[in-house]
Number of protein chains: 2
Amino acid sequence: MKDLVSACPIEDVMRVLSGRWPTLLLYYLKDGTKRFSDLQRDNPSISHRMLTLELRKLEKAGIARRTMFEGYPLRVEYDLTETGLKLIPLIDALGDWWQTAAPASKKVAARSLEAV
Amino acid sequence: MKDLVSACPIEDVMRVLSGRWPTLLLYYLKDGTKRFSDLQRDNPSISHRMLTLELRKLEKAGIARRTMFEGYPLRVEYDLTETGLKLIPLIDALGDWWQTAAPASKKVAARSLEAV
DNA sequence: GCGTGGTTACAAAAACATGCGTAATTTACT
DNA sequence: AGTAAATTACGCATGTTTTTGTAACCACGC
């Protein structure tokens, strides 16, 4: 039986941020409150199933907040918590690091291809 | 292995850092040069195969450097590149963020995420 | 035959996609 | 007026694909 909360905080962080979607969603949510359908439009390649699952994960981790409005058609809004907002500059720093550091090996080619 | 370059830098970064091992290996490599067997000892729960695969990934991403010495028994050493070293404070910042921001609710979150 | 750093083939698990169903109200069509 | 269809944010069942794990084997020199 594994440890539920690991000794290393980095392990815990990566349990939340790992994968294709979490940081991307952060990236879109930083612009402000978004509805489910907004996020779908922002990132058409995510399936609606993944979108719900990932949003729940972010919510449970205290990064995003989910607000549901009564009535039909359904309306649900998502935005970042204080904690989530603090995460943004850290994610950005990672992006910057990637772009500035060791450009040679990374920019193998200006390839178009599946842009998200 | 998938190509490391896409439209969004964050996507690229996470393609390298996602998963259980990359950041952990970073964490151990930051202490200095390590041999394959050192890393195995540092983190006994990683499988032999995963360790080689992850190390190759870090190498390919320009984060770690692999130095092989001729002769037997084989000797291979790993350490961080300049680029890799620059990544360390960013990873640390993520760890700090996790610990400082709403610590109580997160330990709960980490637990419930496992259940999912 | 042990220890080193690997590889290969195969199995298991996790991540992710696809398509259908649901709700109450509004719009559109006949 | 009456019916059909669209809307929204999901849940569920069932794929497919990707990642990770297991185990065995290789090379070599001592």
Side-chain angles (χ1 to χ4, degrees), chain A residues 1-2 4 6 11-12 14-25 28-29 33-61 64-79 114 116, chain B residues 1-4 6 11-25 28-29 33-61 64-79 110 112-116:
Chain A
M1 201 94 30
K2 290 168 208 170
L4 297 174
S6 75
E11 229 182 316
D12 294 331
M14 292 320 278
R15 216 192 315 272
V16 176
L17 296 185
S18 273
R20 188 175 169 190
W21 309 118
T23 49
L24 273 187
L25 293 181
Y28 287 114
L29 283 173
T33 300
K34 297 257 182 171
R35 296 184 55 178
F36 187 88
S37 50
D38 292 328
L39 293 167
Q40 266 188 130
R41 216 171 312 109
D42 286 337
N43 206 120
S45 55
I46 194 172
S47 67
H48 71 268
R49 179 170 194 272
M50 269 301 110
L51 187 51
T52 53
L53 288 179
E54 295 295 333
L55 285 170
R56 299 290 153 107
K57 198 167 76 172
L58 292 179
E59 195 194 355
K60 272 183 182 170
R65 176 175 37 213
R66 192 180 110 104
T67 314
M68 197 178 162
F69 298 87
E70 294 298 323
Y72 288 82
L74 255 43
R75 192 161 73 91
V76 182
E77 287 184 353
Y78 295 90
D79 63 347
E114 331 114 292
V116 187
Chain B
M1 196 182 294
K2 225 162 206 171
D3 197 55
L4 292 178
S6 83
E11 230 182 317
D12 294 331
V13 173
M14 292 319 279
R15 216 192 315 273
V16 176
L17 297 186
S18 271
R20 189 175 169 189
W21 308 119
T23 48
L24 273 187
L25 293 181
Y28 286 114
L29 283 173
T33 301
K34 297 256 183 171
R35 295 182 57 174
F36 187 88
S37 48
D38 292 329
L39 293 167
Q40 265 189 133
R41 215 171 313 109
D42 286 337
N43 207 121
S45 55
I46 193 172
S47 70
H48 196 81
R49 179 179 137 85
M50 267 301 110
L51 186 51
T52 52
L53 289 178
E54 294 295 332
L55 285 170
R56 304 281 159 158
K57 199 166 74 172
L58 293 179
E59 194 193 356
K60 198 178 175 183
R65 177 174 37 212
R66 194 181 108 107
T67 314
M68 199 177 159
F69 297 88
E70 294 299 324
Y72 288 85
L74 252 45
R75 192 160 72 92
V76 181
E77 288 184 354
Y78 295 90
D79 62 348
S112 47
L113 285 174
E114 284 237 345
V116 176

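Just so it is clear: chains get the letters A, B, ... in the order the sequence lines come, proteins before strands, and each one is counted from 1.
In this structure the side chain of A:Leu39 reaches within 4.5 angstrom of the side chain of A:Leu55, judged on heavy atoms. Counting heavy atoms from C-beta on, the side chains of B:Thr67 and B:Val76 never come closer than 4.5 Å. Within the 4.5 Å cutoff, side-chain heavy atoms of A:Leu51 are placed close to those of A:Leu25. Annotation: side chain of B:Glu11 is in contact with side chain of A:Arg20 (closest heavy-atom distance under 4.5 Å).
Residues forming a side chain to side chain donor-acceptor pair (under 3.5 Å) with A:Gln40 (at least two apart in sequence, or on another chain): none. Annotation: side chain to side chain contact (heavy atoms under 4.5 Å, CB included) contacts of A:Glu59 (sequence neighbours excluded): A:Arg56, A:Arg66. For the salt bridge (Lys or Arg N to Asp or Glu O under 4.0 Å) test, residues two or more places apart in sequence or in another chain that qualify with B:Arg65 are B:Asp79.
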Apply side chain to side chain contact (heavy atoms under 4.5 Å, CB included) to B:Tyr78 and B:Asp38, showing your working. CA-CA 10 Å; B:Tyr78 295 90; B:Asp38 292 329; over 6 Å; no
Pair B:Ser45-B:Trp21, side chain to side chain contact (heavy atoms under 4.5 Å, CB included): steps then yes or no: CA-CA 10 Å; B:Ser45 55; B:Trp21 308 119; 3.7 Å; yes
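Of all heavy-atom pairs spanning A:Arg15 and A:Lys57, the tightest one is O-NZ, 4.0 Å.
For A:Leu55 and D:dA9, the CG to P distance is 11 Å, given to the nearest whole Å. A:Met68 has its CE atom 10 Å from the C1' atom of D:dT8, to the nearest Å. Between the CZ atom of A:Arg66 and the P atom of D:dT8 there is a distance of 16 Å, rounded to whole Å. Rounded to whole Å, atom C1' of D:dA23 lies 17 Å from atom CD1 of B:Ile46. To the nearest angstrom, P of C:dT4 lies 16 Å from CZ of B:Phe69. Between the CG atom of A:Leu25 and the P atom of C:dA15 there is a distance of 15 Å, rounded to whole Å. In this entry the distance linking CD of A:Glu54 with P of C:dA14 reads 15 Å, nearest Å. As rounded to whole Å, 13 Å separates atom C1' of C:dT4 from atom CG of B:Leu51.
Taking the charged nitrogens against the carboxylate oxygens, B:Glu77 and B:Lys34 have no contact shorter than 4.0 Å, which rules out a salt bridge.
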Please produce a list of atom pairs where a protein N or O lies less than 3.5 Å from an N or O of nucleotides 7-13 of chain C.
none

N/O contacts under 3.5 Å, protein versus nucleotides 22-24 of chain C?
none

Please convert DNA chain D into dot-bracket. A pair counts if it is Watson-Crick or G-U wobble with both distances under 3.5 Å; crossing pairs go in [ ] and bases paired with another strand get |. |||||||.||||||||||||||||||.|||
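In terms of modelled atom types and a separation under 3.5 Å, the side chain of A:Ser18 and the main chain of B:Gly19 share a donor-acceptor contact.
The side chain of B:Arg35 places an N or O atom within less than 4.0 Å of a non-bridging phosphate oxygen (OP1 or OP2) of C:dG5. Taking only side-chain nitrogens and oxygens, B:Ser37 never comes nearer than 4.0 Å to OP1 or OP2 of C:dG3.
Residue contacts shown for A:Tyr78 are limited to sugar-phosphate atoms, with no base heavy atom under 4.0 Å away.
Both B:Met50 and A:Phe36 sit near DNA chain D, but only A:Phe36 has its closest nucleotide nearer the 5' end.
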